[in-house]
Amino acid sequence: MRDDGTGLDDGTGSDDGTRLDGRVAPFWPRRSPHFLQVRTALRGAVQRWRDEHGGNKHWADKHGTDERWAEEHGGAKFVIAVSGGPDSLALAAAAAAEKLPAHVVSIDHGLQDGSRAVSEGAIGQVGQWGLSGQVISVRVVGEPLEAAARHARYQALGDLAGDRPILLAHTGDDQAETLLLGLLRGKASAMGEVSDYQGHTLLRPLLGIRRAHTVGACRELGVAAWNDPHNTDEAFRRVAIRRQVLPLLDQIIGGDATAPLVRAAELLRQDDDYLHTLTPKLERSTAATEQCTEPATQPAEPSTQPATKPSTEPATQQPPALEIAELGPPPLARRAIAKFLQQHGARVSASTLEASIAFIHDWHGQGAVSVGNGLELARQAGKLVLLHSSLGDDSQPSASST
């Protein structure tokens, strides 16, 4: 068998997987076109990431000397999030086939009976492919449920991964659903192949392929993937989009409506990527571990109190902030603020961005705005600052499904 992803076999093997030349045969079948699509997508995404970051000596040195990680997880340089569903299992299998140095993590949200067993089953499966893995249990707090679970999941993955990229198995179908959900919230958005979440790198190698390929790959591999019951509950907007809206759009255009939506999302992402290059650098927003201070009772803009003598006490750690004067016109300011909020785990919605722009161009002393996950955005002394929230967590979830 040539290990080039072609799925072509160059000889016969025994029933136990051992080839006549004594080597162990691959775990994937002789002909596996769907699995090949997943492998090819993963290979390309990782190569693009390495081209941009892999030559960074600081990154390489940091991970080359991380002895604790090496002891616990071997030489893994990537973390793969696996739920037990077909998308993530296909991604993990592709990583094993591509010999990607990866450690697999399955997050048990505890939201369904037997969820721990599902996570353990997923880790057992990837172990058969030669990948290390573990189950991490998290506590989901807050509403809406989807956003709260996603936040808890990403926090746990980020705590484990550190600066290592976290591979997620979102496909083109997820991208189309995300675009429609964002439009319905008044904020067109698309997932990027590489994005940042609270200082952690998220890598989505499968955005260019369809869910049919991941399902087909699992079928080719003989894997019985788990089907999350939530994925049939149309009380969730994403599920309703998937099961009602997209089939209707297929019927209306007499074809596949997802494909043009994926193309539109990619064009939107390219536009966003370019416009982000024009936005000011968020010097303080990259410090994702920086702690927010307690909320101020009134947004100071500017302070009229007389200056006090310098304190001899240690300086209070400052909250993450953006200089308003550096944000530029609204189209660039919105992107800078959205990135700032996402990096710190806050939620981004059309209403949040509208309120943020009002802080800049329609300032009349308005109070802080809840941005979810226990945070609020306020204007203080010519800056937009992110504080621990004293308000109810009633903001809408992010338009991005990350």
Side-chain angles (χ1 to χ4, degrees), residues 16-17 24-29 32 34-35 38-39 42 72-74 76 78-140 145-146 148-150 152-161 164 166-171 173-174 202-206 209 211-233 236 238-239 242 401-402:
D16 65 0
V24 177
F27 61 82
W28 58 92
S32 49
H34 291 294
F35 187 45
V38 180
R39 288 185 64 179
L42 173 63
E72 295 180 356
H73 311 297
F78 298 85
V79 169
I80 304 177
V82 169
S83 66
D87 299 342
S88 58
L89 282 179
L91 175 60
E98 293 294 315
K99 297 181 172 58
L100 191 71
H103 179 70
V104 177
V105 177
S106 184
I107 302 296
D108 173 23
H109 300 88
L111 296 176
Q112 302 173 29
D113 292 338
S115 60
R116 179 80 187 189
V118 171
S119 291
E120 290 175 347
I123 295 304
Q125 176 60 69
V126 302
Q128 295 180 31
W129 297 327
L131 295 172
S132 65
Q134 68 186 102
V135 178
I136 297 178
S137 296
V138 299
R139 182 167 173 259
V140 178
L145 181 63
E146 290 172 289
R150 182 169 59 246
R153 178 168 66 252
Y154 286 1
Q155 276 200 323
L157 289 167
D159 289 344
L160 175 73
R164 291 167 184 79
I166 301 166
L167 272 62
L168 305 174
H170 296 116
T171 66
D173 298 81
D174 296 306
L202 305 180
L203 181 59
R204 301 181 180 87
L206 306 186
I209 67 172
R211 190 172 291 134
H213 291 305
T214 61
V215 172
C218 288
R219 185 170 57 248
E220 291 165 354
L221 296 169
V223 174
W226 175 63
N227 292 311
D228 187 346
H230 285 162
N231 287 336
T232 61
D233 185 353
F236 294 104
R238 179 175 292 274
V239 178
R242 181 180 305 162
S401 173
T402 52

### Task
Kindly give the heavy-atom pair with the smallest separation between Cys218 and Pro86, and that separation in Å.
SG-O, 3.4 Å

### Task
Return the minimal non-hydrogen interatomic distance between Ala90 and Val38, and the atom names on each side.
O-CG1, 3.6 Å

### Query
For the atom pair NE2 (His230) and CZ (Phe236), what is the distance rounded to the nearest 0.5 Å?
4.5 Å

### Task
Report yes if some heavy atom in the side chain of Trp129 is under 4.5 Å from a heavy atom in the side chain of Val223; otherwise report no.
yes

### Message
Between Ser106 and Val135 (side chain of the first, backbone of the second, donor and acceptor by atom type, cut-off under 3.5 Å), is there such a pair?
### Response
no

### Query
For Asp159, does the CG atom sit with more than 12 other heavy atoms under 6.0 Å from it, leaving out its own atoms?
yes

### Query
Do Leu160 and His103 have side-chain heavy atoms sitting under 4.5 Å apart?
yes

#### Entry: Residue pair Leu111 / Leu145, side-chain heavy-atom distance below 4.5 Å
yes

### Query
Sub-3.5 Å donor-acceptor pair from the side chain of Glu220 to the main-chain atoms of His34, do we have one?
yes

### Task
State whether the side chain of Asp108 and the backbone N or O of Ser119 hold a donor-acceptor pair below 3.5 Å, judged by distance alone.
no

### Message
Using every non-hydrogen atom in the two residues, find where Leu131 and Leu100 come nearest and quote the distance to one decimal.
### Response
CD2-O, 4.4 Å

### Task
Find the distance between CD1 (Ile166) and CZ (Arg204) and round it off to the nearest 0.5 Å.
10.5 Å

### Task
Please test Leu91 against Leu42 for side chain to side chain contact (heavy atoms under 4.5 Å, CB included), starting from the C-alpha separation and ending with a verdict.
CA-CA 8 Å; Leu91 175 60; Leu42 173 63; 4.0 Å; yes

### Query
Mind checking whether Ile80 and Val126 have side chains closer than 4.5 Å, heavy atoms only?
no

### Message
Quick check: do Val239 and Thr232 have side-chain heavy atoms less than 4.5 Å from each other?
### Response
no

#### Entry: Any side-chain heavy-atom pair of His109 and Ser115 under 4.5 Å
no

### Check: Pro29 and Leu221 side chains under 4.5 Å, non-hydrogen atoms
yes

### Task
Can you measure from CD1 (Ile123) to CD (Gln134) and round to the nearest 0.5 angstrom?
7.5 Å

### From CG (Leu206) to CG (Asp173), nearest 0.5 Å
11.0 Å

### Message
Are the side chains of Asp228 and Gln112 in contact, using a 4.5 Å heavy-atom criterion?
### Response
yes

#### Entry: Contact summary for Ala97 and Trp28, nearest pair of heavy atoms
CB-CZ3, 3.4 Å

### Task
Identify the two heavy atoms, one from Ala161 and one from Val79, that lie closest to each other, and give their separation to 0.1 Å.
CB-CG2, 3.7 Å

### Under 3.5 Å: donor-acceptor pair, side chain of Ser88, backbone of Ser83
yes

### For the student: nearest non-hydrogen atoms of Ala149 and Val140, plus distance
N-CG1, 3.7 Å

